[in-house]
Amino acid sequence: MSEPKGSDSQAPHVPVLLAEVLDALAPLEGARILDGTFGAGGYSRALLEAGASVVALDRDPSVLPHAERLSADFPNRFKFVPGTFSNLDELADGPVDGVVLDIGVSSMQLDQAQRGFSFMQEGPLDMRMSSDGESAADLVNNLDEAELANLLFAFGEERKSRRIASAVVAARATAPISTTTQLARLIEKTIGRKPGDAHPATRSFQALRIAVNGEFDQLVGGLFASERLLAEGGRLAVVTFHSLEDRIVKRFFDPEKGAPTQSRHLPQVVLEAPRWARSGKALKASSAELARNPRSRSATLRAGVRTAAPARVMSYAGLGVPLSRGAA
Ligand SMILES: C[S@@+](CC[C@H](N)C(=O)[O-])C[C@H]1O[C@@H](n2cnc3c(N)ncnc32)[C@H](O)[C@@H]1O
């Protein structure tokens, strides 16, 4: 597969698995594609350069300058719509041939200390992509101890969640926890740090970010909205960055993977016609991409082609979505 030109040397976010995403959405010439996670517009620009029209969504208003540049470069083929991808079928403004979702935070969001996504930089404990609703500080300072522990365990797979929650509750009795580094230091002091391991706050920050932005609800909503929007032959490509998200995408494309093993003593369950064909295989970054962009290490692409079977009613059943009482 040849390296696409579609990267913008000015873009602060390096698009991951770009060649593979373009391949999954092909043919692109004359196609109408919905980019549900515009970011710095790396995918959108590459899609436009390959001859597609693009309608792009993002919930973060700070991406607007990037969208304005693409509108100037492709005035008749690019449109930006602010909003969330969980209702992309309503925001698409007409039929599309393909949908791409690149889930998670952008490098711009991570790098701007005042957004509060990074435990490496001092900033307010915020983490809201769209700057509305509850912030991470609201959750950390207001959830009760059990709810906080459940959230860290379910959304961050943090095995020391109870110890962290207990330390947070003790610390906030004196003063609210309001900054990223304050929380990161507290977690490090509570559960320790082993040389060579990821920072001990990594899992807790992931959990809080997922809860603040309702990321699993958004992902499930976006997948089913794509199923409703795409007609037979339509393509869906989804890039995820951790195993909890990838499991949801995998089971969405192939519901049999999430189904309980059938017992020969029970009546056979009649399997429904598949909604997606050519789906299931997980693609990872090549060694060349890994060398160029270490962030691509955790990225997984799954893609599928829509069949003629009618769209399912949205359901969480069988998708393995982590549940956390007290999550946003
Ligand atoms: C990983 S970045 C996308 C980068 C993009 N593919 C590029 O090449 O520049 C993810 C973007 O999706 C946005 N986002 C995350 N969740 C969203 C949601 N539920 N609805 C709309 N946008 C969302 C974030 O604000 C962020 O800008």
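Atoms within each ligand, like the ligands themselves, are counted from 1 in listed order. Computation of the quantities below employed the complete heavy-atom set of this structure, encompassing side-chain atoms and omitting hydrogens, waters and symmetry-equivalent molecules.
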Backbone, side chain, both or neither: what part of Arg59 comes under 4.0 angstrom of ligand 1, heavy atoms only? both

Report the part of Asn213 (side chain from C-beta onward, or backbone N, CA, C, O) that has a heavy atom under 4.0 Å from ligand 1; answer both or neither where that applies. neither

I need the atoms of ligand 1 closer than 4.0 Å to a non-hydrogen atom of [X], numbered in the order shown.
| X | result |
| --- | --- |
| Asp60 | 25 (O) |
| Gly83 | 20 (N), 21 (C) |
| His13 | 1 (C), 4 (C), 7 (C), 9 (O) |
| Val105 | 1 (C) |

Is NZ or CZ of Arg278 both nearer than 6.0 Å to the six-membered ring centre of Phe253 and within 45° of the ring axis? no

Check for me whether Gln109 has a heavy atom closer than 4.0 Å to any atom of ligand 1. yes

Would you say Phe241 touches ligand 1, if touching means a heavy atom closer than 4.0 Å? no

To atom 2 (S) of ligand 1, the nearest of Ser86, Ser106, Gly36 on a heavy-atom basis is Ser106

From atom 10 (C) of ligand 1, work out which of Gly104, Gly39, Pro82 has a heavy atom at the shortest distance. Gly104

For a quick test of reading the model, state the closest non-hydrogen atom pair linking [X] to [Y] and the distance between them.
| X | Y | answer |
| --- | --- | --- |
| Phe155 | Pro322 | CE2-O, 3.5 Å |
| Leu151 | Ala211 | CD1-CB, 3.7 Å |
| Leu152 | Ser161 | CB-CB, 3.8 Å |
| Thr190 | Arg163 | O-NH2, 2.9 Å |

Quick test of your reading of the model: are Arg32 and Asp97 salt-bridged, counting only N-O distances below 4.0 Å? no

Is a salt bridge present between Asp126 and Arg115, judged by a nitrogen-to-oxygen distance below 4.0 Å? no

Once side chain to side chain contact (heavy atoms under 4.5 Å, CB included) is applied, do any residues pair with Val321, and if so which ones, sequence neighbours excluded? Phe216, Val220, Ile248, Tyr316, Leu319

Interatomic spacing from CD in Glu272 to CZ in Arg312 - rounded to 0.5 Å: 8.0 Å

List the residues meeting ring pair (Phe, Tyr, Trp, His ring centres under 6.0 Å) with Phe205, not counting sequence neighbours, and say none if there are none. Phe119

What protein heavy atom is closest to [atom], reported as residue, atom name and distance in Å?
| atom | result |
| --- | --- |
| atom 6 (N) of ligand 1 | Asp102 OD2, 2.7 Å |
| atom 14 (N) of ligand 1 | Met129 SD, 4.0 Å |
| atom 12 (O) of ligand 1 | Thr37 CB, 3.2 Å |

Ignoring angles and geometry beyond distance, decide whether [X] reaches within less than 3.5 Å of ligand 1 through its nitrogen or oxygen atoms.
| X | result |
| --- | --- |
| Phe85 | yes |
| Thr84 | no |
| Gln218 | yes |
| Gly42 | yes |
| Ala40 | yes |
| Asp58 | yes |

Can you find a pair of side-chain heavy atoms, one from Arg193 and one from Glu188, that are under 4.5 Å apart? yes

Quick check on Met120: does its CE atom have over 12 non-hydrogen neighbours (other residues, nucleotides or ligands) under 6.0 Å away? no

